[in-house]
K.L.:
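Encoded as structure tokens, here's the structure I'll be asking about.
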Amino acid sequence: MKRNIVIATVAAAALIGGGTVAAYAAAGDDGGSATQRQSNVRLADDDRDDSADDTAEDRSDDRDDDGTEVRSAAAAKVTAADAIAAALKHTPGTAVGADLDDDGSRAWEVSVVKGDGTEHDVRVSANDGKVLGTHRDDDDDDAREDLAALKGADVDAREAAVAAAAKGTVTDLDLDDDGPAAWSVETTKGEWKVDLRTGKVTQDLDD
């Protein structure tokens with residue numbers, strides 16, 4: 001009888017001990033899961049912080065670029081339309097773009113495609129409209145594509161610059177042939193499209 005009591009006691013102790021170990025193991029598993037969840041939360045927070053920092057830096061860079069363009073435009077005495085006219089007088093052809101340098105050189109770079117299909121970049125002073133130099137662009141394929149896109153157009157680059165000037169000082173103009181061809185113009189007040197046939201100016205909502 002005593003032997004049976006001892007065995008029963010030992011078995012009960014083993015069951016109790018096992019239950020304790022099992023409970024402890026379960027608690028350990030829950031604690032690990034909680035720790036893992038906390039780690040995942042911290043990693044997610046870090047990712048959000050990095051993403052927010054990158055976004056803030058991009059916005060800051062955009063503001064810096066915009067500020068530089070505005071200052072360059074304010075300092076320029078020669079408009080985009082005037083620069084295009086000067087470039088075409090020096091290098092006859094079809095103007096397909098004009099860009100006001102924002103590197104402090106105070107010059108316009110006007111892209112002109114000549115009758116033989118070659119493209120030339122003509123630099124025009126933003127101070128007095130004098131031609132500073134010209135060089136041949138090697139990418140004649142783009143030049144031919146621009147000429148093809150402008151076939152039948154009623155509004156040339158200079159006229160597009162004049163039209164877009166109503167929306168702010170023009171700082172950049174080029175031919176956008178992604179979809180219906182149009183002049184794509186940047187001014188100190190935003191980005192715009194100028195219709196090749198009507199000259200109508202609309203806000204560019206693609207960017």
K.L.:
Looking at every non-hydrogen atom in both residues, tell me the closest pair between Val110 and Ala95 and how far apart they are.
P.N.:
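Looking at all heavy atoms of both residues, the closest pair is CG1-CB, 4.4 Å.
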
K.L.:
Is there a donor-acceptor contact under 3.5 Å from the side chain of Arg197 to the main chain of Gly152?
P.N.:
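Yes: the side chain of Arg197 pairs with the backbone of Gly152.
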
K.L.:
According to side-chain contact (heavy atoms from CB on, under 4.5 Å), who are the partners of Ala86, at least two apart in sequence or on a separate chain?
P.N.:
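Val124.
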
K.L.:
Could you give the distance from OG1 (Thr91) to CD (Glu119), rounded to the nearest 0.5 Å?
P.N.:
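Thr91 OG1 to Glu119 CD: 11.5 Å, rounded to 0.5 Å.
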
K.L.:
Sequence neighbours left out, what passes side-chain contact (heavy atoms from CB on, under 4.5 Å) with Val201? Give chain and number order.
P.N.:
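Partners of Val201 under the side-chain contact (heavy atoms from CB on, under 4.5 Å) test: Ala163, Lys167, Trp192, Val194.
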
K.L.:
What's the separation between atom CG in Leu100 and atom CD in Glu186, rounded to the nearest 0.5 Å?
P.N.:
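These two atoms lie 11.0 Å from each other.
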
K.L.:
Give the minimum heavy-atom separation between Leu173 and Ala160, together with the two atoms involved.
P.N.:
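In this case the closest contact between Leu173 and Ala160 is CD1-CB, 4.0 Å.
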
K.L.:
Could you work out, with side chain to side chain donor-acceptor pair (under 3.5 Å) as the rule, every residue matching Asp82, not counting sequence neighbours?
P.N.:
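Partners of Asp82 by the side chain to side chain donor-acceptor pair (under 3.5 Å) criterion, ordered by chain and then number, come out as Thr79.
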
K.L.:
Walk me through whether Val96 and Asp174 qualify under side chain to side chain contact (heavy atoms under 4.5 Å, CB included).
P.N.:
CA-CA 6 Å; Val96 296; Asp174 61 18; over 6 Å; no

K.L.:
Using only atom types and a distance under 3.5 Å, with no angle test, would you say the side chain of Thr188 pairs donor to acceptor with the backbone of Thr169?
P.N.:
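Confirmed, Thr188 side chain pairs with Thr169 backbone.
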
K.L.:
Could I get the full list of side-chain contact (heavy atoms from CB on, under 4.5 Å) partners for Asp116, not counting sequence neighbours?
P.N.:
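Expected list: Lys114, Thr118.
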
K.L.:
What closest approach, in Å, do Ala161 and Ile84 show between heavy atoms, and which atom pair accounts for it?
P.N.:
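Nearest pair, atom of Ala161 first, then Ile84: CB-CD1, 4.4 Å.
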
K.L.:
Table please: side-chain donor-acceptor pairs of residues 175-185 below 3.5 Å, with sequence neighbours left out.
P.N.:
residue : atom : partner : partner atom : Å
Asp176  : OD1  : Asp178  : N            : 3.0
Asp176  : OD2  : Lys193  : NZ           : 2.5
Trp183  : NE1  : Val155  : O            : 2.9

K.L.:
To the closest 0.5 Å, what do you measure between OG1 (Thr171) and CG (Asp102)?
P.N.:
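Reported to 0.5 Å precision, the distance equals 8.5 Å.
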
K.L.:
What residues form a side-chain contact (heavy atoms from CB on, under 4.5 Å) with Ala153, not counting sequence neighbours?
P.N.:
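Once residues adjacent in sequence are excluded, the partners of Ala153 under the side-chain contact (heavy atoms from CB on, under 4.5 Å) criterion are Leu150, Leu196.
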
K.L.:
What pairs meet the side chain to side chain donor-acceptor pair (under 3.5 Å) rule with one or both residues in residues 143-163, with sequence neighbours excluded?
P.N.:
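Every pair satisfying side chain to side chain donor-acceptor pair (under 3.5 Å) with a residue in residues 143-163: Asp141-Arg144.
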
K.L.:
Would you give the length of the straight line joining atom CG of Asp101 to atom CH2 of Trp108, rounded to the nearest 0.5 angstrom?
P.N.:
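The CG atom of Asp101 sits 9.5 Å away from the CH2 atom of Trp108.
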
K.L.:
How far apart are the closest heavy atoms of Gly93 and Val112, and which atoms are they?
P.N.:
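Smallest interatomic distance, heavy atoms only, reads CA-CG1, 3.9 Å.
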
K.L.:
Within a 6.0 Å radius of atom NE2 on His120, are there more than 12 heavy atoms belonging to other residues, nucleotides or ligands?
P.N.:
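Check passes, neighbour count above 12.
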
K.L.:
For residues 128-138, dump all side-chain donor-acceptor pairs below 3.5 Å to protein atoms at least two apart in sequence or in another chain.
P.N.:
residue : atom : partner : partner atom : Å
Asp128  : OD1  : Ser125  : OG           : 3.1
Asp128  : OD1  : Lys130  : N            : 3.0
Thr134  : OG1  : Asp121  : O            : 3.3
His135  : NE2  : Asp121  : OD2          : 3.3
Arg136  : NH2  : Asp140  : OD1          : 3.4
Arg136  : NH2  : Asp140  : OD2          : 2.5
Asp137  : OD1  : Asp139  : N            : 3.0

